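Worksheet for the structure shown next.
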Protein chains: 2
Amino acid sequence: MKRNSINSASTTEEKIKNAAREVFLKKGYAATRTRDIAETAGENLALINYYFKSKENLHRIIMLETMGAFINTMIPVFNNPDTSLDEKIEQIVSNYTDLFLDRPDIPLFILNQINQNADKFLDHVQVKANIMQSHFFVQLAKKLKNSTYSPMHFFISFMGMIIFPFAASPMIQGLRGSSDAELKAFLKERKELVPAWAKLILKA
Amino acid sequence: MKRNSINSASTTEEKIKNAAREVFLKKGYAATRTRDIAETAGENLALINYYFKSKENLHRIIMLETMGAFINTMIPVFNNPDTSLDEKIEQIVSNYTDLFLDRPDIPLFILNQINQNADKFLDHVQVKANIMQSHFFVQLAKKLKNSTYSPMHFFISFMGMIIFPFAASPMIQGLRGSSDAELKAFLKERKELVPAWAKLILKA
DNA sequence: AAAAAAGTTAATCAAATGATTAAATCAATC
DNA sequence: GATTGATTTAATCATTTGATTAACTTTTTT
């Protein structure tokens, strides 16, 4: 019978899934060996197939979970009818920064998924409905009614300012010669800066 | 003897290198099969090893070339003592947009390289000297002397606004429901927008 | 034109890799 | 506590994959 008490991530199945998450996000699907996952989990190789049927299926599970983490950070804020545009901007930056500080491999993993399998990403999350028709985009459209650029242009720049620093963090670290802690501090500073810049751009 | 007339990319060696560039940039090192490269090149599998010794060596060559394309777009502009800060901003955006419109796979390829092998990237290009001590950064530091944020923060946001749209282009296409041509037009519009926003941020 | 060098090909090798199996161990239900 | 079912293990399989080889062809040199 399966251990299932207080979900202490201590069942074999959970150990494997956690190991798979770690390795897949760090190295990508093709570079990941099932033996890497087994070793990282400290479990026998055959248990991967016993619990998850195949490498591909295990990856599918990790991918959907990770996409979920990415999207669920966005959707509720986007579709909250009770917050102002400025509040939404602050919350998006804050939520994503917290998520990526905790899980820095997510941005590049998602970008790679989007490029390898755009349909799966777009379908899975119904991004179109949840973003293009969100309250956020309605507010943006109103704000930019007389502007020279579209809400999409703002959105892309906004997301770029949030996500790019994490996807390029080893470069930042190299340029600044900073430790892991200093890098984190630098990235955290952007919680204040990015919203300020975003609002500035919107006023233009 | 090697054909070497007008460099029409028609020698076997060039065909293989072009095929390798195409496949490596699209799928990454681990997901690329040497047989993919041979098939894409329309040449015999053994010729890859005949001309390039190993898959790894061929990838090294492509990687260094691609890093070169990325860096050489930046360095000359950064270190030009005869242009203003605003002019540098315009040129960087323009040069990178042109490069990525032509070769859209570069951004994600570089980001992956940076994350898999930061040292090689930083060493190879002497990024630190060429960027941190560039004329551009001197101008930035002067401009931001009394600002609340550092040149690095600006630089990262600036690069994010330029690069992110290309790394996330399939998402943009999905959201807008746009054709390849429409996507290109959208990305080209940013040649005007991003410099305007960058200057705005600098004034703050 | 003969000899040598360069280029190309199909076949094959050895290692890596995802997956499976059958036996062994552990847990829980009667 | 014996039995049944779930879990774990080591060994093995079949395929894929990067690389090599040896024969063959084309090109260059003498």
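Quantities reported herein were computed from a predicted structural model and do not represent experimental measurements. Hydrogens, waters and symmetry mates play no part in the numbers below; they use all other heavy atoms, side chains included. Letters A, B, ... mirror the listed sequences (proteins, then strands); counts begin at 1.
Side-chain nitrogen and oxygen atoms of A/Thr12 include none within less than 4.0 Å of the OP1 or OP2 phosphate oxygen of D/dT7. OP1 or OP2 of D/dA19 has at least one side-chain nitrogen or oxygen of B/Asn49 nearer than 4.0 Å. For C/dT8, one of the phosphate oxygens OP1 or OP2 lies less than 4.0 angstrom from a side-chain nitrogen or oxygen of B/Tyr51. In this structure, A/Arg33 reaches the C/dT17 phosphate: one of its side-chain N or O atoms is under 4.0 Å from OP1 or OP2. Remark: A/Thr34 is in phosphate contact with C/dG18, judged by side-chain N or O atoms under 4.0 Å from OP1 or OP2.
B/Glu90 has a carboxylate O that lies under 4.0 Å from a charged side-chain N of B/Lys199, or vice versa, which qualifies the two as a salt bridge.
To the nearest angstrom, P of D/dG18 lies 13 Å from NE2 of B/His59. Residue B/Glu56 contributes atom CD, which lies 14 Å from atom P of C/dA16 at whole-angstrom precision. One can place CG of A/Asp36 at 13 Å from P of C/dA16, the figure rounded to the nearest angstrom. Look at NZ on A/Lys27: it is 13 Å from C1' on C/dT17, rounded to the nearest Å. Here D/dT17 presents its C1' atom at 8 Å from NZ of B/Lys55, a figure rounded to the nearest Å. The interatomic distance linking B/Asn44 (CG) with D/dT26 (P) rounds to 15 Å, in whole Å. Here D/dT17 presents its P atom at 11 Å from CG of B/Leu45, a figure rounded to the nearest Å. If you take CD of A/Glu39 and P of D/dA10, they are 14 Å apart, rounded to a whole angstrom.
Comparing A/Gly42 and B/Ile48 by the nucleotide of DNA chain D whose heavy atom lies nearest to each, the residue mapping closer to the 5' end is A/Gly42.
Between the A/Lys88 side chain and the A/Asn80 main chain, a donor and an acceptor come within less than 3.5 Å of each other.
The side chain of A/Arg35 lies closest to C/dG18, out of C/dT9, D/dA10, C/dG18. The side chain of A/Tyr50 lies closest to D/dT7 when the candidates are C/dA6, C/dA19, D/dT7.
A/Lys17 NZ: 12 or fewer foreign heavy atoms inside a 6.0 Å radius.
Annotation: side chain of A/Thr83 is not in contact with side chain of A/Phe136 (no heavy-atom distance under 4.5 Å).
In this structure, B/Phe24 has its ring center at least 6.0 angstrom away from the ring center of B/Phe109.
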